Amino acid sequence: MPHPCLRCGACCAFFRVAFHWSEADAALGGVVPPELAETLDPHRLVMRGTQASKPRCIALRGVVGEAAHCGIYEHRPSVCREVEPAWEYGRPSVQCDKARLAHGLAPLAPDDWLVPIAG
Ligand code: SF4
Ligand code: SF4
C-alpha cells in the first residue's frame with residue numbers, strides 16, 4: 001500500500017508555507033532551493049505558489065487526491081516536515097484533516113495505515 005500522502009498532497013495546496021530565511025541560505029546550512037521561495041517579511045520566506053488565493057506549492061508534483069509528491073522532499077522546509085499525517089503515529093492531525101477536507105477528501109482514519117498481510 002503506498003503511503004497515504006502519495007495519494008494526497010492536499011496540505012501542499014492549502015497552507016501558506018512560510019519559514020525562516022536561513023533555511024534557504026546554503027552558507028548557513030539551509031537546504032531549501034532559494035529560487036523556489038520568495039520574501040514574505042524581513043524574517044521569513046514563503047514557498048512560491050502558497051500565497052495564492054488557491055495555493056499550490058511550486059514544488060508539488062502530480063494531482064492532488066490522486067498521485068502527488070514533493071519535488072524537493074529531502075530539501076523541503078521545516079514546516080513541511082512538521083505536518084503530521086493524521087493517525088500515522090496514532091494521533092489525529094487538525095492540519096491534515098483541514099487540508100484534505102478543503103480538497104473534498106475524507107480525513108485519514110487509523111485503518112488507512114494498516115499494512116496488508118502478504119500471502
Ligand atoms: S494532507 Fe495529510 S495525507 Fe495529505 S499529504 Fe498532507 S499530511 Fe499527507
Ligand atoms: S515544499 Fe514540498 S512538502 Fe513543502 S509544501 Fe511544497 S511540495 Fe509540499
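Just follow the structure's listing: the first ligand is 1, and inside any ligand the first atom is 1. Predicted model, so just to flag it, every value in this text is computed and none were measured.
- Salt bridge Arg7/Glu66: absent, no basic N to carboxylate O contact under 4.0 Å.
- Here the closest heavy-atom approach between residue Cys57 and residue Met47 is recorded as SG-CE, 3.7 Å.
- Listed by atom number, the atoms of ligand 2 under 4.0 Å from Val17 heavy atoms are 5 (S).
- Atoms of ligand 2 found under 4.0 Å from any heavy atom of Cys12 (numbered from 1 in listed order, with element): 3 (S), 5 (S), 7 (S), 8 (Fe).
- Ranking the protein heavy atoms by distance from atom 2 (Fe) of ligand 1 puts Cys96 SG, 2.3 Å first.
- Remark: ligand 2 atoms within the under-4.0 Å shell around heavy atoms of Pro77 are 1 (S).
- With hydrogens and angles disregarded, no donor-acceptor distance shorter than 3.5 Å links the side chain of His103 to the backbone of Leu105.
- Taking a cut-off of under 4.0 Å to the non-hydrogen atoms of Leu60, the atoms of ligand 2 that pass are 7 (S).
- Inclusion of Cys70 in the first shell of atom 2 (Fe) of ligand 2 is supported: an N, O or S atom falls under 2.8 Å.
- At the top of the distance list for atom 4 (Fe) of ligand 1, counting protein heavy atoms only, stands Cys8 SG, 2.3 Å.
- Residue-ligand proximity: Gly9 is placed with every non-hydrogen atom at 4.0 Å or more from ligand 2.
- For atom 8 (Fe) of ligand 1, the closest non-hydrogen atom of the protein is Cys5 SG, 2.3 Å.
- Within ligand 1, the atoms closer than 4.0 Å to a non-hydrogen atom of Cys11 are 1 (S), 5 (S), 6 (Fe), 7 (S), numbered from 1 in the order shown.
- Those atoms of ligand 1 that come under 4.0 Å of a heavy atom in Leu108, given as number and element, are 3 (S).
- In the vicinity of Cys80, heavy-atom distances shorter than 4.0 Å reach the ligand 2 atoms 1 (S), 3 (S), 4 (Fe), 5 (S).
- Taken from CG in Leu6 to NE2 in His69, the straight-line distance is 8.5 Å, to the nearest 0.5 Å.
- Seen from the ring of Tyr89, Arg91 does not count as a face-on cation partner, given the 6.0 Å and 45° thresholds.
- One finds no salt bridge joining Arg100 and Asp97 here, because no Lys/Arg side-chain nitrogen approaches an Asp/Glu carboxylate oxygen to under 4.0 Å.
- Of the candidates Ala68, Cys57, Gly71, Cys57 brings a heavy atom nearest to atom 5 (S) of ligand 2.
- The two residues Arg61 and Arg56 come nearest to each other via the heavy atoms C-NH2, 4.0 Å.
- Scanning both residues, Pro85 and His3, for their nearest heavy atoms gives CG-CE1, 4.3 Å.
- By the 6.0 Å contact criterion, NE2 on His43 is open, its count of non-hydrogen atoms from other residues, nucleotides or ligands being 12 or less.
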